[in-house]
Structure formats: structure tokens, C-alpha cells
Amino acid sequence: MMKKFWAIACVIAFTAFWIFGFLALAAMLGERPFDWTSTIIAMVGLGLGTYARMQINAMTHDIKKGLHVRPTQGEDPYAEQVHS
């Protein structure tokens, strides 16, 4: 359940980072007045997105090593071939 929460938080945070980052960049390069709010929201999105991604990596670290994979008991020859 927490993996899903952090995955959703990661997507939302990085989406905020890209949207508000582009708004801040457009304000700096365009004719519209610059507003620090877009820059602050972009930085918060970057920080939260990075933190959420680190949480996802920490929760799935042992899965990448294969520690959560159950060894087969000989029922499935394909699974034995893959895991051996």
C-alpha cells in the first residue's frame, strides 16, 4: 500500500515540478511578469518527487536482488529454469 502511495506522490510531485518550472522559465524569458510562487512550487515538487523516488527505491531494493521470490518446489519446469 505504501509503495502505491509513494508512486502516486512521486508522479504528482514531478508533474508539479515540470509544470511550474516551465511557467517560471516562461516568465523569465517571456513578457509576463516574473512570480516567485512558480519557482517555489517547482522546487518543492522537485524535492518531494526526489524524496518519494528514494522511498520507492528503498522499498523495492530487496525485490531487485530477488529476495522476495519464492523458490519453486519442482512444479513448474520453466520457473526452475529461470531461477536456477
Side-chain angles (χ1 to χ4, degrees):
M1 182 71 179
M2 287 304 292
K3 284 188 274 188
K4 289 181 184 180
F5 170 77
W6 285 117
I8 291 169
C10 184
V11 168
I12 291 171
F14 278 125
T15 301
F17 165 68
W18 284 109
I19 289 173
F20 287 100
F22 280 131
L23 285 174
L25 186 65
M28 283 190 276
L29 300 177
E31 297 174 4
R32 100 174 228 229
F34 181 73
D35 184 19
W36 282 99
T37 308
S38 298
T39 306
I40 292 170
I41 293 175
M43 292 301 109
V44 168
L46 178 63
L48 183 61
T50 303
Y51 180 75
R53 181 63 184 155
M54 288 171 31
Q55 291 296 318
I56 293 169
N57 282 345
M59 289 180 186
T60 58
H61 189 283
D62 50 353
I63 293 174
K64 293 176 188 172
K65 291 182 180 178
L67 299 177
H68 282 252
V69 179
R70 285 189 233 148
T72 59
Q73 303 295 328
E75 304 95 24
D76 189 5
Y78 175 73
E80 284 183 10
Q81 178 184 11
V82 171
H83 295 294
S84 56

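Quantities reported herein were computed from a predicted structural model and do not represent experimental measurements.
The distance from atom CE of Met28 to atom CG of Leu23, rounded to the nearest 0.5 Å, is 11.0 Å. Summarising the geometry, atom NZ belonging to Lys3 is positioned 15.0 Å from atom SG belonging to Cys10; distances are rounded to the nearest 0.5 Å. Here the CZ atom belonging to Phe14 is positioned 4.0 Å from the OG1 atom belonging to Thr50, to the nearest 0.5 angstrom.
In the hydrophobic clustering, Val11 connects to no other residue, as no ILVMFWY side-chain heavy atoms lie under 4.5 Å from its own.
Residues forming a side chain to side chain contact (heavy atoms under 4.5 Å, CB included) with Ile8 (at least two apart in sequence, or on another chain): Ile12. Legend: residues meeting side chain to side chain contact (heavy atoms under 4.5 Å, CB included) with Tyr51, ordered by chain and number and at least two apart, are Trp6, Gln55. Every side chain to side chain contact (heavy atoms under 4.5 Å, CB included) that Ile41 has, sequence neighbours left out, goes to Phe20, Thr37. Considering only residues two or more places apart in sequence or on other chains, Phe5 meets the ring pair (Phe, Tyr, Trp, His ring centres under 6.0 Å) condition with none of them. The side chain to side chain contact (heavy atoms under 4.5 Å, CB included) test applied to Ala7 returns Ile56, not counting sequence neighbours.
For Phe22 and Trp18, the distance between ring centers is under 6.0 angstrom.
Considering all non-hydrogen atoms of both residues, Gly49 and Ala13 come closest at N-CB, 3.4 Å.
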